[in-house]
*Asks:* 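My questions will all concern the structure given below.
By convention in this document, chain letters (A, B, ...) are assigned in the order of the sequence lines, proteins followed by strands, and residues within each chain are numbered from 1.
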Amino acid sequence: MKELSKTYDPKHVEDTWYSHWEKSGYFHSEPNKEKAPFCVMIPPPNVTGMLHIGHVLNNTLQDILVRKARMEGFETMWLPGTDHAGISTQARVERYIRETEGKTRHDFGREAFVERIWEWKEEYGGMIIRQLRKLGVSCDWERERFTFDEGLSEAVREVFVRLYEKGLIYKGKRIINWCPASHTALSDEEVVFQEENGNLWYFKYPVKGEEGRYLIIATTRPETMLGDTAVAVNPEDKRYTDLIGKTILLPLTDREIPIVADSYVDMEFGTGAVKITPAHDPNDYEIGLRHNLNFINIMNVDASMNDNVPEKYRGMDRYECRKTIVKDLDELGLLEKIEDHLHKVGYSERANVPIEPRLSEQWFVKMEPLAKPALEAVNSGKITFNPERWVKTYNHWLENIRDWCISRQLWWGHRIPVFTCTDCGWESAERKDPTVCPKCGCKNIKQDEDVLDTWFSSWLWPFSTLGWPENNEDLKYYYPTQDLVTAPDIIFFWVARMIMAGYEFMGELPFKNVYFTGLIRDLQGRKMSKSLGNSPDPLDVIEQYGADALRYGMMLIAPKGHDILFDTAQIELGRNFMNKLWNASRFVLMNVDENTQMGQLPKDRDLETADKWILAQLKRTIESVDKNLAEYRFNDAAKDIYDFTWNYFCDWYIELIKSRLYSDDTERKNTALLTAVFVLRNIVKLLHPFAPFITEEIWQSIKSETEKDLIVSEWPKAEILSKAEKAVKEMNLLMGVITAIRTIRSEMTVPPSKKADVLIGGGSDLTRDILNEQKDYIHSLAKVENLTIAAGVEKPDLASSAVVGDLEIFVPLAGLIDIDKEKERLEKEIAGFEGRIRGIQGKLNNPNFVSRAPENVVDHERNKLAKYEETLALLKENYQKLAK
RNA sequence: GGGUGGUUAGCUCAGCUGGUUAGAGCGCCUGCUCGACACGCAGGAGGUCACAAGUUCGAAUCUUGUACUACCCACCA
């Protein structure tokens, strides 16, 4: 038998077990006709990413689902991988190259730079994959994929071409969100708005032909006035009716622009007159189209001013230009006023700089046709969302879906497979790079410079990772997958699009259930972020508490669909529980010898009340864990195991069987031991998905020689014991009596070392018989010297009493307590109660209180008073007895 | 402006289909080095379940409204 150390030390076991599992091939899966598949696709983390606490939550949840399914006998496959993360990765490597070599990507050129990113990726990328292993996730590492690997790139290209041929991909001029830091377009979803204190500037625009007349406009972005091509007013606005059709001499430029009427203009806001900059604002763009205005782009890709502005401003940064324009207009006497103005500014999610609306030509996917089956799948319940309320959010987005801007002006990503002939103008999306123009036969063929949005590969993840477009065995067997576990912030980016892609390209849903986790926040409720420095490093936490403690602690505080406030105190809770389990196992194993038959339950007729009771509680726990996990109530399942292990198995059962284990009665001893081992084996199984390492470690000591490792053992079954109601009732009675005696002892400050006499009276013959049967337990657990159980028992002098059901329990105190100390204690307590009673009486005697306070409050006070008076009487009675 | 959550013990949160005396962990108080565990054991104090009205034999739970709070979507020149 193995000697277990006094406290559980995770460090020694975690790595050993992980490599054992991996070497044994438990994580790997192949299509198996004998078994039903259970497949989960990891939400691929960024290849540049480091493990953060959100990954811990997300991957622990998946691992629980996967490990449980594996124990239930499914052919389980959890496919891991990473995302090439276009902007983040490119920016990361650009910074790296700038810092180490002082070069930019342009010094390398496209091909060489992309080559550098691949090199960087091989060396530093995928750190997160190595870190995930520390968590104990049971991914099929042989199937690891990368969104930019060969197979997935082929899938991306196939998808693009199909959509292009279907006419769902088009090129269009749009005002898009431009990131001036990474020089690329962003989708709406990649823009985050932040509220900022800005200004509203009021400028006077001189009206042509009317000396001294000005139209005052308000703007939050003065620099864009250089691109104005009109001023708009509301057609209903009487203040300006006579100006419609006239023109403005745009200050600081030599341009003359029209005053147009458009109902878009809000008469209430500002002055009711709006400057129109069609090339730099989406609404202005619409107005520009309606009124056939010029579109003047005034900025370079880095948001500095370009050659379309007067020479003075050229090359200026947008904010520098803003200052200068305001100053110049002020000098011209054209600055009316400046107001403070709170408004929202769009920031690039990845680069964290304000985005600039910019008119440019981009590729789009027409989304409406794709949205229909996706909506249907979720609303009909073919795909379930947990918690369900996310369905509404999903519907809202899909019903108002906009076309998806998929082109990015980056180098790192899947290049758009559209080719054009510079000679004849032929254009097409191609599966293979063409060398000659199919139309005119020339060789002047150019591929589009842009790459695709990262999500254009992620949305294919559930099937591209299985080998699509090839229809192979894997795809047939594993698709559709089972559960998707993800944070709700990517419901549009990713979840909705995967569903659309699943139906469009596979003709079937990509997964059956989606579980949305909560967001993890710190104790102040702030999001975890690097810049705040409030995100603990999970690896440090694992180092300190162990992976099991981290996983289990997280699960305890992860209520379905709510945000989670992370606190290491909760990980301590996990650690403490692991230690508790460790020591319970240690205790059981101390009593095991080579003859103990692991996993065998004693014969029914040998089982005593306590044994039946713990088996009944175990059964109830298994049922509850099953139900809770089926409903994705991970925290409840974790709590079930916690309560059963700690409050039932440790606090009661182990204490109850101690006397049997120490006795010479080998029959009774063996029954208790076998039951304890049996229960412990089931605990360890139930807990394994949550805390894989410690449970496997314990399992090795309590499994029979022929049994397999825990990770591939069988999930517990609830049908252990059918009839135990009687045992449960009897145990409840026994536990009530023991607790009552303990309470009396504690309240009367009976030293724990002293044994007390106890008299139990009243009750029915039956209840007394039950207690008589369990007499030994009362003696040992409640420290009882002489126990008297009889129908009629007189209350002895100087005793404390309690009532349990219809039983009365007396503990004579003579000789047990230090009379002087007890008197002192009682005096203090009596004084305390008298004070409280005076307080309440004063309140009740106050006519204002009685008449004005709500009735229930008054009643409450009265009840409190009665209770206190009763207690006081008891205390006084005891005090007088003591005084004698 | 539209939507979705939350408000329960000092703190962090459970409480599922309305049903005994509303629970847990931490913290606090009292007492315990009794041979699994002080990462522990036994006991205890602490609640107008945000507020108001309603439905009901019965409401933390259902309905309506209010307040505060968090998040999501759209627009704000």
*Asks:* Rounded to the nearest Å, what distance is computed from the CG atom of residue A/Asn579 to the C1' atom of nucleotide B/C39?
*Replies:*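 Roughly 5 Å, once rounded to whole Å.
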
*Asks:* Using both distances under 3.5 Å as the test, list the Watson-Crick or G-U wobble partner of B/G23, or none.
*Replies:*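 Answer to the pairing question: B/C13, which forms a Watson-Crick or G-U pair with B/G23.
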
*Asks:* From C-beta outward on A/Arg742, which listed nucleotide comes closest to its side chain: B/A77, B/C75, B/G43?
*Replies:* B/G43

*Asks:* Between A/Phe577 (CZ) and B/C37 (P), how many Å, whole number?
*Replies:*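 For the pair A/Phe577 CZ and B/C37 P, the rounded distance is 18 Å.
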
*Asks:* Just call it for A/Lys658: base, sugar-phosphate, or nothing, with non-hydrogen atoms closer than 4.0 Å on any strand.
*Replies:*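 Base contact.
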
*Asks:* Could you tell me the Watson-Crick or G-U partner of B/G40, where both distances fall under 3.5 Å? Say none if there is no partner.
*Replies:* B/C32

*Asks:* Which part of the nucleic acid does A/His396 contact within heavy-atom distance under 4.0 Å: base, sugar-phosphate only, or nothing?
*Replies:* sugar-phosphate

*Asks:* So which nucleotide from B/A77, B/A36, B/G40 ends up closest to the side chain of A/Arg586?
*Replies:* B/A36

*Asks:* Roughly how far apart, to the nearest Å, are B/C49 and B/G15 at atom C1'?
*Replies:* 11 Å

*Asks:* What contact category does A/Lys580 fall into here, base, sugar-phosphate, or nothing, at under 4.0 angstrom with non-hydrogen atoms?
*Replies:* base

*Asks:* Could you check whether the rings of A/Phe516 and A/Phe385 sit parallel, tilted or perpendicular, using 30° and 60° as the cut-offs?
*Replies:* perpendicular

*Asks:* Can you figure out which of B/A36, B/G43, B/G25 approaches the side chain of A/Thr739 most closely?
*Replies:* B/G43

*Asks:* Touch check for A/Ala584, heavy atoms < 4.0 angstrom, all strands: base, sugar-phosphate only, or nothing?
*Replies:* base

*Asks:* Would you indicate what A/Lys639 reaches in the nucleic acid, counting non-hydrogen atoms under 4.0 angstrom: base, sugar-phosphate, or nothing?
*Replies:* sugar-phosphate

*Asks:* Take A/Pro752 and A/Ser624, find for each the nucleotide of RNA chain B with the closest heavy atom, and name the residue whose nucleotide sits nearer the 5' end.
*Replies:* A/Ser624

*Asks:* Where the side chain of A/Glu631 is concerned, which of B/C39, B/A77, B/C16 is the nearest nucleotide?
*Replies:* B/C16

*Asks:* Just call it for A/Tyr662: base, sugar-phosphate, or nothing, with non-hydrogen atoms closer than 4.0 Å on any strand.
*Replies:* sugar-phosphate

*Asks:* At 4.0 Å (heavy atoms only), tell me whether A/Val265 reaches a base, stays on the sugar-phosphate, or touches nothing.
*Replies:*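 A/Val265: base contact, heavy atoms under 4.0 Å.
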
*Asks:* By nearest atom, which of the nucleotides B/C16, B/A36, B/A74 is closest to the A/Arg633 side chain?
*Replies:* B/C16

*Asks:* Could you give the distance separating B/A9 and B/G23 at their C1' atoms, to the nearest angstrom?
*Replies:* 10 Å

*Asks:* Whom does B/U63 pair with, Watson-Crick or G-U wobble, provided both distances fall under 3.5 Å?
*Replies:*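 Result: B/A53.
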
*Asks:* Looking at B/C16, B/C37, B/G40, which one has an atom nearest to any side-chain atom of A/Lys627?
*Replies:*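 Nearest listed nucleotide: B/C16.
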
*Asks:* Under 4.0 Å: is that the gap between some side-chain N or O of A/Trp652 and OP1 or OP2 of B/A42?
*Replies:* no

*Asks:* Please state how far atom CG in A/Asp266 lies from atom P in B/G1, giving the value in whole angstrom units.
*Replies:* 14 Å

*Asks:* Atom NZ of A/Lys754 to atom P of B/G43: distance rounded to whole Å?
*Replies:* 21 Å

*Asks:* Salt-bridged, A/Lys337 to A/Glu339, with N to O below 4.0 Å?
*Replies:* yes

*Asks:* Does A/Phe587 have A/Lys658 sitting over its ring (NZ/CZ under 6.0 Å from centre, angle to axis within 45°)?
*Replies:*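 Because its charged atom sits under 6.0 Å from the ring centre and within 45° of the axis, A/Lys658 does stack over A/Phe587.
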
*Asks:* Checking contacts here: which listed nucleotide (B/A77, B/A36, B/C16) is nearest the side-chain heavy atoms of A/Asn628?
*Replies:* B/C16

*Asks:* Taking only the side-chain heavy atoms of A/Val274 (C-beta and beyond), determine which of B/G25, B/A36, B/A77 contains the nearest atom.
*Replies:* B/A77

*Asks:* Would you tell me whether A/Lys275 and A/Thr224 have side-chain atoms, one donor and one acceptor, within less than 3.5 Å of each other?
*Replies:*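 Distance-only check passes for A/Lys275 and A/Thr224.
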
*Asks:* Give a yes/no on whether any side-chain N or O of A/Lys392 is located under 4.0 angstrom from OP1 or OP2 of B/U4.
*Replies:* yes

*Asks:* Between A/Asn576 and B/G40, does any side-chain N or O lie under 4.0 Å from OP1 or OP2?
*Replies:*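 Checking A/Asn576 against B/G40: at least one side-chain N or O falls below 4.0 Å of OP1 or OP2.
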
*Asks:* How far does the P atom of B/G25 sit from the matching atom of B/G65, given to the nearest Å?
*Replies:*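 Nearest-Å result for B/G25 against B/G65 at atom P: 39 Å.
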
*Asks:* When the C1' atoms of B/C32 and B/A14 are compared, how many Å lie between them, rounded to an integer?
*Replies:*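 B/A14 and B/C32 have their C1' atoms separated by 31 Å.
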
*Asks:* Both distances under 3.5 Å, Watson-Crick or G-U wobble: report the partner of B/U69, or none.
*Replies:*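 Here B/U69 is engaged in a pair, and the nucleotide opposite it is B/G5.
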
*Asks:* Which whole-number value in Å describes the distance from A/Asp636 CG to B/G25 P?
*Replies:* 15 Å

*Asks:* Taking the same atom, C1', in B/C28 and in B/U66, what whole-Å distance lies between them?
*Replies:* 36 Å

*Asks:* Determine the interplanar angle of the A/Phe644 and A/Phe649 rings, folded into 0 to 90°, and report it as parallel if under 30°, tilted if 30 to 60°, perpendicular if over 60°.
*Replies:* parallel

*Asks:* Quick one: on RNA chain B, does A/Val588 or A/Asp281 contact a more 5' nucleotide (nearest heavy atom)?
*Replies:* A/Val588

*Asks:* Please give the distance between the C1' atoms of B/U8 and B/U12 as a whole number of Å.
*Replies:*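 That atom pair is separated by 12 Å.
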
*Asks:* Write down the distance between CG (A/Leu519) and C1' (B/U4), rounded to a whole number of angstrom.
*Replies:*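 In whole Å, B/U4 C1' and A/Leu519 CG are 14 Å from each other.
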
*Asks:* The side chain of A/Thr7 is closest to which nucleotide in this list: B/A77, B/C39, B/A36?
*Replies:* B/C39

*Asks:* With a 4.0 Å cut-off on N to O distance, would you call A/Lys755 and A/Glu785 a salt bridge?
*Replies:* no

*Asks:* From CD of A/Glu655 over to P of B/A36, roughly how many Å is that when rounded to an integer?
*Replies:*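 Whole-Å distance recorded here is 8 Å.
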
*Asks:* Measure the acute angle between the ring planes of A/His341 and A/Phe269, then classify it against the limits of 30° and 60° as parallel, tilted or perpendicular.
*Replies:* perpendicular

*Asks:* Would you say that A/Pro488 contacts A/Leu519 through its side chain, given a criterion of any heavy-atom pair below 4.5 Å between the two side chains?
*Replies:*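 Yes, close enough: below the 4.5 Å cut-off.
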
*Asks:* Between B/A22 and B/G58, how far apart are the C1' atoms? Round to whole Å, please.
*Replies:* 15 Å

*Asks:* Within the 4.0 Å heavy-atom criterion, would you say A/Trp201 contacts the bases, only the backbone, or no part of the nucleic acid?
*Replies:* nothing

*Asks:* Mind calculating the distance between OH (A/Tyr632) and P (B/A14) to the nearest angstrom?
*Replies:* 20 Å

*Asks:* Rounding to an integer number of angstrom, what distance separates B/C51 and B/U30 when you compare their C1' atoms?
*Replies:*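 Comparing C1' positions in B/C51 and B/U30 gives a spacing of 38 Å.
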
*Asks:* Measure up the A/Tyr552 and A/Phe577 rings against each other and bin them: parallel (under 30°), tilted (30 to 60°), perpendicular (over 60°).
*Replies:*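 The arrangement is parallel - the two ring planes meet at less than 30°.
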
*Asks:* For a quick check of understanding: with a heavy-atom distance under 4.0 Å over all strands, which category does A/His341 fall into, base, sugar-phosphate or nothing?
*Replies:* sugar-phosphate

*Asks:* Choosing from B/G43, B/A77, B/A36, which nucleotide comes nearest the side chain of A/Phe587?
*Replies:* B/A36

